[in-house]
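A short write-up of the structure that comes next.
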Amino acid sequence: MSTIFYQDDDVLRVEQLHITVKKKNRVMRTIVKDIGFRIKKGETLAIVGESGSGKSVTSLAILGLLPKSLCIQSGNIFFQHKNIVSMTEKERKKFRGKGIGFVFQDYRGSFTPFFKIGKQMTEVIKTHERCSQKEAKEKVLDALDKVDLPSTRIWNSYPFELSGGQLQRTALATAMILKPSLLIADEPTTALDVCTVQKIMDHITKLKEENDCSILLITHDIGLALQRADWIAVMYGGRILELAKASQLRQHPYHPYTKLLLQSRPSIIKHKDTLVTIPGEPGLIYENGCPFALRCPIKEPVCLKEPLKRTSINNDHDITCHVAQAHLIKESVISI
């Protein structure tokens, strides 16, 4: 992979991260391979890919919340220049919530059903800050106001009394109430209608600007990533196949998987009788070469034999593809 150099404005920096499945202290298989990216202050990075690509597992590793069946085999995760991998669980608890806020994909599971919202949000504040009950309540009501919710009613409501959109905005308000430096939003728009999706993303953008924080957005929707992110990392089979600025990825995608994701987006402007689909079975991963090789329409024999190496095209674009790399080398030779 390309080397990630330390920079002062890095909020999050992930280096050569490998996550494995273990059983009885034996490594069974690697599910996340050689992941590396950085997020600077005020930036949004979106990780895009199909289910099973390793997006959520990567975010759990950053939070120090991997299940016992998984472990970080190698690599580093630096949050504000402190290595999360080498921290104790007690140290991780201090920055979780305060330094890194998170909105889980199952936002209904973020709240205990038999406690009112106000009590639960107050506990979040009191876990990390010393303040009176009155001060905590004022902070909670203010946080709910910022996501355009009727704060007093939400304060007195149980989670099951709220709609999906209301509960998601409440989860977002809870994640941002401590003004973290980084927000991890794992599929924050799951099971919401199109209008509510845009409202949720508008609130995330507004809170990001108000708190001058960074965002790690996990999503299946590459269209949403293009609209909202500064950088996009495309994952498949536990690897980052392409990483670029959103504007660069929109205009010049190189990996076949990225191209197919972009082509398969439905459009209300250009009507298509048939949508482009990605060939092969979703989640079909080739272990010895490119993970997308068994589904790739332009694969070469080398894609099935040699391990992939991530290559920088320029400062704004990395790819992990034998065919694309060979094509770019050929183009550069011709231009000379």
Side-chain angles (χ1 to χ4, degrees), residues 4 6-15 17 19 32 35-47 55-67 70 72 75-105 107 109-111 120-131 135-136 139-140 142-144 146-147 168-188 203-218 228-231 233:
I4 297 181
Y6 172 91
Q7 291 187 9
D8 289 338
D9 57 351
D10 287 347
V11 172
L12 181 72
R13 183 161 49 98
V14 179
E15 297 179 338
L17 182 66
I19 300 174
V32 168
I35 294 296
F37 58 83
R38 66 153 57 95
I39 307 177
K40 296 181 181 180
K41 185 177 181 181
E43 284 186 339
T44 297
L45 169 73
I47 301 181
K55 308 183 303 298
S56 294
V57 170
T58 300
S59 68
L60 290 175
I62 294 167
L63 290 164
L65 292 175
L66 284 175
L70 303 179
I72 295 175
N76 296 301
I77 303 170
F78 292 96
F79 172 65
Q80 294 180 333
H81 317 316
K82 295 179 181 178
N83 196 344
I84 293 172
V85 176
S86 60
M87 287 181 180
T88 64
E89 180 57 24
K90 186 177 180 180
E91 290 172 326
R92 291 192 188 106
K93 284 181 178 179
K94 288 181 180 179
F95 76 77
R96 203 182 291 142
K98 180 71 174 178
I100 302 179
F102 45 94
V103 179
F104 290 116
Q105 184 172 352
Y107 50 86
S110 300
F111 297 97
Q120 297 188 58
M121 291 183 71
T122 299
E123 287 301 315
V124 171
I125 296 172
K126 288 194 169 185
T127 299
H128 294 276
E129 297 179 357
R130 288 186 177 182
C131 61
E135 289 171 330
K139 289 183 178 182
V140 170
D142 181 59
L144 293 170
K146 285 182 177 178
V147 291
Q168 183 62 303
R169 279 185 282 167
T170 303
L172 177 59
T174 305
M176 295 300 293
I177 201 167
L178 296 172
K179 299 183 178 179
S181 300
L182 174 69
L183 172 68
I184 297 178
D186 187 359
E187 295 287 353
H203 286 305
I204 289 176
T205 301
K206 184 179 77 171
L207 291 171
K208 168 194 165 185
E209 292 170 352
E210 287 179 358
N211 295 284
D212 194 23
C213 74
S214 305
I215 307 288
L216 175 59
L217 174 64
I218 311 293
R228 301 289 180 165
D230 301 298
W231 292 80

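Quick caveat, the model's predicted, so the values are computed rather than measured. Just so you know, these numbers use all the heavy atoms, side chains as well, and skip hydrogens, waters and symmetry mates.
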query: Who passes side-chain hydrogen bond (donor to acceptor under 3.5 Å, both in side chains) against Ser181, sequence neighbours left out?
result: Gln80

query: Taking C-beta and beyond as the side chain, do Ile77 and Ile72 meet within less than 4.5 Å on heavy atoms?
result: yes

- prompt: Do Val147 and Met176 have side-chain heavy atoms sitting under 4.5 Å apart?
  reply: no

Distance in Å, Leu17 CG paired with Ile62 CD1, rounded so as to fall on 0.5 Å steps: 8.0 Å

task: Return the minimal non-hydrogen interatomic distance between Lys208 and Gly42, and the atom names on each side.
output: CE-O, 2.8 Å

message: Determine whether a donor-acceptor pair (N or O, by modelled atom type, separation under 3.5 Å) exists between the side chain of His128 and the backbone of Gly99.
response: no

- prompt: Are any non-hydrogen side-chain atoms of Thr170 and Met121 less than 4.5 angstrom apart?
  reply: yes

message: Listing request: all salt bridge (Lys or Arg N to Asp or Glu O under 4.0 Å) pairs with a residue in residues 176-188, at least two apart in sequence or in separate chains.
response: none

query: Got a sec, which residues hit salt bridge (Lys or Arg N to Asp or Glu O under 4.0 Å) with Glu209, two or more places apart in sequence or on another chain?
result: none

message: For a quick test of reading the model, state the closest non-hydrogen atom pair linking Val103 to Ala175 and the distance between them.
response: CG2-CB, 3.8 Å

message: According to salt bridge (Lys or Arg N to Asp or Glu O under 4.0 Å), who are the partners of Lys98, at least two apart in sequence or on a separate chain?
response: Glu129

- prompt: Would a distance-only check, ignoring hydrogens and angles, find a side-chain to backbone donor-acceptor pair under 3.5 Å from Ser214 to Leu182?
  reply: no

- request: With sequence neighbours excluded, tell me which residues meet side-chain hydrogen bond (donor to acceptor under 3.5 Å, both in side chains) with Glu43.
  value: Trp231

field: Residues Arg92, Glu89: salt bridge by 4.0 Å N-O rule
entry: yes

statement: One should read off an interatomic distance between Leu172 CG and Leu183 CG, to the nearest 0.5 angstrom, of 6.5 Å

- prompt: Atom CZ of Arg228 and atom CG of Leu217: how far apart are they, to the nearest 0.5 Å?
  reply: 10.0 Å

- prompt: Quick one: CZ on Arg169 to CG on Leu144, what's the gap to the nearest 0.5 Å?
  reply: 10.0 Å

- prompt: Can you check whether Ile125 reaches Cys131 side chain to side chain, under 4.5 Å on heavy atoms?
  reply: yes

task: Measure across Gly97 and Phe102 and return the closest heavy-atom pair with its distance rounded to 0.1 Å.
output: N-CE2, 4.0 Å

task: Please report the shortest heavy-atom distance between Cys213 and Pro180, naming the atom on each side.
output: CB-O, 3.3 Å

message: Nearest 0.5 angstrom please: Thr58 OG1 to Ile19 CD1, how far?
response: 5.0 Å

message: Is there a side-chain contact between Lys40 and Asp230 in this structure, where contact means two heavy atoms from C-beta onward sitting under 4.5 Å apart?
response: no

Heavy-atom closest pair, residues Ala136 and Lys126: CB-CE, 4.5 Å

Set of salt bridge (Lys or Arg N to Asp or Glu O under 4.0 Å) partners for Lys82, sequence neighbours left out: none

- request: State, with a plain yes or no, whether a side-chain heavy atom of Ser59 is found less than 4.5 Å away from one of Leu65.
  value: no

field: Side-chain heavy-atom pair Phe37, Leu45 within 4.5 angstrom cut-off
entry: yes

message: Measuring from atom CD1 of Ile177 to atom CG of Asn211, what distance do you get when rounded to the nearest 0.5 angstrom?
response: 11.0 Å

Check: Lys41 side chain, Val11 main-chain N or O, donor-acceptor pair, under 3.5 Å: no

task: Report yes if the side chains of Lys146 and Leu207 come closer than 4.5 Å at any heavy-atom pair, otherwise no.
output: yes

